[in-house]
Amino acid sequence: MTRSSFLAASIVAAGIVLTGGGAVLAQDYPAQPVNVVIPFPPGGGTDTIGRIVFNKVAEGWSEPVVIQNQPGASGLVGTLSAMREAPDGYTLIMGSTGSILSLAREGMGMDSGAFQIQEVLTPVTQLSADPYVVAVHPSLGVESIEELVALAKSDPDAIPFGSSGIGSASHLTGVLFEQLAGVELRHVPYSGTGEAVPALLGGDIKLMFAPPSSVLPHAEDGALIALAVTSEERSALHPDLPTVAEGGVAGFSAIGWFGLYAPTGVEPGLLEAINTAVTDAMADPAVVEALANQGAAPAPMLPDEYRDWVNADVSMWLELAAIAEAEE
Amino acid sequence: MIELNHKDLWGGALIALTGGYVAYSAAGFGIGNAARMGPGYVLVIAGVAMVVLGLAMAVASLRYADPLPGIAWRPLVAVTAGMIGFALSLRVLGLVPAVCLLVGLSAIGDPESRPLPTTALAVGVALGMWVVFVLGLRIPLPAFALDF
Amino acid sequence: MDLFSIGFPTALSLENLAYCFAGVFLGTFVGVLPGIGGLTAVALLLPVSFYLDPISALILLAGIYYGAEYGGSTASILLNLPGTASNAVTCIDGYPMTRQGKAGPALFITSVGSFIGGTLGIAVLMALAPALVSLALSFGAAEYFAAMLLGLIAAGTIGRGKPVKSVVMVLLGVCLGLAGIDINSGERRFTYGFFELFDGIPLVVVAMGLFGMSEVIASVGKIKSVTEAGRITLRSMIPDRKDMKASIMPILRGFGVGSFFGPLPGTGPTISAFMAYAIEKRIARQPERFGNGAVEGVAAPESANNAAVQTSFVPTLALGIPGSATMAIMLGALMIHGIQPGPRLMGDHPELFWGLVASFWIGNVLLLVLNIPLIGLWVKLLQIPYRLLYPIILCMICIGVYSISNSVFDVWLVIIFGLVGYGMKLLDLEPAPLLIGFILGPMIEAQFRRALILTGGDYLALMQRPIAAAFFACSALLVGWMVYAMFRRRKARPVEELPEVAEGKTL
């Protein structure tokens, strides 16, 4: 206790010295508009979730929140430019599994060999972590994961599965499925979910590991069949869908997360203040409902907790990416 | 004797050179085969076609006269310098100084421009751009970066 | 009819009428500003839409989107500055018209063409939505490849000079368009270590550099003002009977092209505009007029892109599939309001669907009323001495390009493309074919490779799909016709070619 508070105090002191005494005090925060950089285009998953949450956060602050979309290169363009801003809490960065994975694949945060997000970004909190949905075209003739695995085993490299791009979470989830179910699928990359879903509806591709909001409405309509969710446990938002593991693919778990980050070197008190503000906003019933419409459930974490989770999960995705690359 | 003052000779040669560069680089991307094309497949085809057509253009050009027009050096340099000034100063100094630089430098391109009207134009345009783009359309840019 | 019982009452409420007007007004405004297109404006207004009813939010955002398409042609015609990428093709004949003192008629025809294309597009959207949805879904990789290939062949020679020069420009455009990460392999092509190039070069940057900046360099010191007609009378602003008559069929054909490509996700207004232009040039009796101020070259693409904009709402509203980045934002706005876009939207929220459609009609009428009187103002602006005008044009290019993704990198790119464009001007190489190669090249490559992955490398399987086969057949016919026409022209004009050869020999 005393040791950790001493540690904290010395870090604060060091922070004040390093930033020339201009360090932002948590109790005064925010004293100017807060920039939230979203490294994806408006209207996408990261953008919508970020806007829903920060709309609420801004209500509790005396200063406005300025959302700044800087899309490009799977989130790299915006994240890299925002990373270089001062760690004063006035630049926050939204991130998805995809954008953090892109950083790792550029070798950032990899100084020690294993991915360490804290080398490049300060994790603030997770916003939500949600499963993908395994969706198939009715012409495939399967209605469960068991049938899908059986079909794939009987005819290797025949089922075309679409993804939103090489190395994207929807691609790597497919690779994980191939690994754990012992099957071989035919990967067909698209540029984005918006291009892949029509191809799935039209039957060009037969299978996709897709974000729930993009395929579930079509499943309700009968144009697609939703087989399962990709998480370890059933999702509270779609309790009737089994998990892939329930379908006989033991140990299968893949979820995509959205989180909030800041440049490295944020003073701990300030980090806590931001974390609390965001966590509180996510507890608001209107926010919960709006997120649920987007297929997302609020899942805030403490900064340290989130750091460890990101590091572990990114390592898993990186392994899958290596397998996928070897397959090409 | 080959006449060098010829549009299509230069045009064809430049196209052929560009095509050669594209095809050479694309070969390194992996060509694959017709059934499973690599990332370089289409580029190599396009590049080689550019080389062939570019050379054909250059050779055919020797049959007719088609002299090059003069290069408008003054506007070329002034406009480019103005835009480079804008690109360099936008994030460092802010929108207003960047626009002033752009207007000021590029105006030199016209021999009839005079310092005083140009200055007035620069200030006026900078204000106008700030009102339209920052106040009106909320493009996230500071008027002056120094206070940011 | 649901349109009259639900749609108009919703759209005609005072509040929604106001949002519709605000939307189309703002859309026209940002459309006129070069570089700031509907996408930027819709993104900027997204936060505002949080505080509105979902229907009002959608009416506002949609109004900006199609309003920008109206306004976008203005800068293309007046200043050779493509306001949005889909208006780049309007530069080809619109700017020559302006230089000949016919800016007024060009703008007038554009407004009328946009109105007709837009309103007929809405009718198509209403009447044929289910059919268009199934058409759009039957377009797989093979069909897209076949259609885009036909497009490339049709549009490949849209330049006015020698065909070979058009073809090399198309090829150069294809190469530029393929820069960035290859979606099939993840390979980085011509990115030179810049993350900003991973997604390829932005279309607006290429268009603004090649058309806008290079035009400024070439014009400074050479022209006193953009329009060289001395006095502007009211009569000179309205097209004469001949121009009106010459525009009617192109407008209708443009509408046809636009409503075919509009509902296909990923194609949309830009491709429609180029296709409409290519068709007009191909069927014209004197194709050499194109590029020198042919009124058909303005009428057809503007009708096409507005028809495409309206019909592109088909997949968005009927399936919840965004056909473009702008549509993605509008769907995002719906989701923020807790409305799940998807196949059930029309049934579950009829007031949303029909209210929006009704607002399209109202919006198009408002746009016509708004734009016709503005023509006088725009034409007056042309009398500003060019020496004062061009620094303003440059500012708008720079800021517009910056705002695409808040990045100075794009400003550097536009400088490079401006210089390349000026070099091309000196060498008589035209930017329009380059642009069509730039747009279609990457789509053709991606769809072709995808189609082959799906068929396991079987070329014949591509031909067995009926829609694709029909497009392939059209391509073959077109190539055959082009070869025949070339052959015939050679035979018909031996006398004209001889002196050229003789002249060449004396060199």
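None of the values given here were measured: they were computed from a predicted structure.
Across F448(C), Y459(C), F190(C), the residue that shares the most heavy-atom pairs under 4.5 angstrom with chain B is F190(C). If you tally non-hydrogen atom pairs under 4.5 Å between each of G19(B), G38(B), G47(B), G104(B) and chain C, the highest count goes to G38(B). The residue among P39(B), G12(B), G11(B), P75(B) with the most heavy atom pairs within less than 4.5 Å of chain C is P39(B). Counting heavy-atom pairs closer than 4.5 Å to chain B, the top-ranked of the candidates G457(C), S214(C), C398(C), G423(C) is C398(C). In terms of heavy-atom pairs under 4.5 angstrom with chain B, the leader among P391(C), S219(C), A41(C), G186(C) is P391(C). Ranked by non-hydrogen atom pairs under 4.5 Å with chain B, the options L45(C), D458(C), L394(C) are led by L394(C).
Both the backbone and the side chain of F29(B) come within contact range of chain C, judged by heavy atoms closer than 4.5 Å. The parts of I399(C) that come within reach of chain B are both its backbone and its side chain, each placing non-hydrogen atoms under 4.5 angstrom from that chain. The part of V125(B) that comes within reach of chain C is its side chain, from C-beta onward, which places non-hydrogen atoms under 4.5 angstrom from that chain. Residue N33(B) does not touch chain C at all, counting heavy-atom pairs closer than 4.5 Å. Neither the backbone nor the side chain of M424(C) comes within contact range of chain B, judged by heavy atoms closer than 4.5 Å. Of the two parts of M50(B), the backbone and the side chain both hold a non-hydrogen atom closer than 4.5 Å to a non-hydrogen atom of chain C. For a residue to count as touching a neighbouring chain, one of its non-hydrogen atoms must lie under 4.5 Å from one of that chain's; by this rule I84(B) touches chain C with backbone and side chain alike. When heavy atoms are compared at a cutoff of 4.5 Å, T18(B) approaches chain C solely by way of its side chain, counted from C-beta outward. No part of I183(C) comes within reach of chain B, as not one of its non-hydrogen atoms sits under 4.5 angstrom from that chain. With a threshold of 4.5 angstrom between heavy atoms, V411(C) approaches chain B through side-chain atoms but not through N, CA, C or O. Of the atoms belonging to F409(C), not a single heavy atom falls under 4.5 Å from chain B.
Across I153(C), L440(C), L152(C), a single residue satisfies side chain to side chain contact (heavy atoms under 4.5 Å, CB included) together with V170(C), and that is L152(C). Tested against V401(C) for a side chain to side chain contact (heavy atoms under 4.5 Å, CB included), the candidates V414(C), I415(C), V408(C) yield a single pass: V414(C).
Expressed to the nearest 0.5 Å, how far CZ of F198(C) lies from CD1 of I181(C) amounts to 5.0 Å.
A donor-acceptor pair is defined here as one N or O able to donate and one able to accept, closer than 3.5 Å; such a pair exists between the side chain of R74(B) and the backbone of I108(B). Proximity of a side-chain donor or acceptor of H6(B) to a complementary backbone N or O of Y64(B) within less than 3.5 Å is detected. A donor-acceptor contact shorter than 3.5 Å links the side chain of S113(B) to the backbone of A107(B).
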Would you tabulate the side-chain donor-acceptor contacts of residues 85-102 of chain B under 3.5 Å, counting partners in other chains and residues two or more places apart, or write 'none'?
from, atom 1, to, atom 2, distance (Å)
S89(B), OG, G85(B), O, 2.7
R91(B), NE, Y402(C), OH, 3.1
R91(B), NH2, Y402(C), OH, 3.1
R91(B), NH2, N406(C), O, 3.2

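The two residues P433(C) and M169(C) have their closest heavy-atom pair at CB-CB, 3.9 Å.
No side-chain donor-acceptor contact under 3.5 Å links Y386(C) and D110(B).
At a threshold of 4.5 Å between non-hydrogen side-chain atoms, the residues L53(B) and M57(B) do not count as touching.
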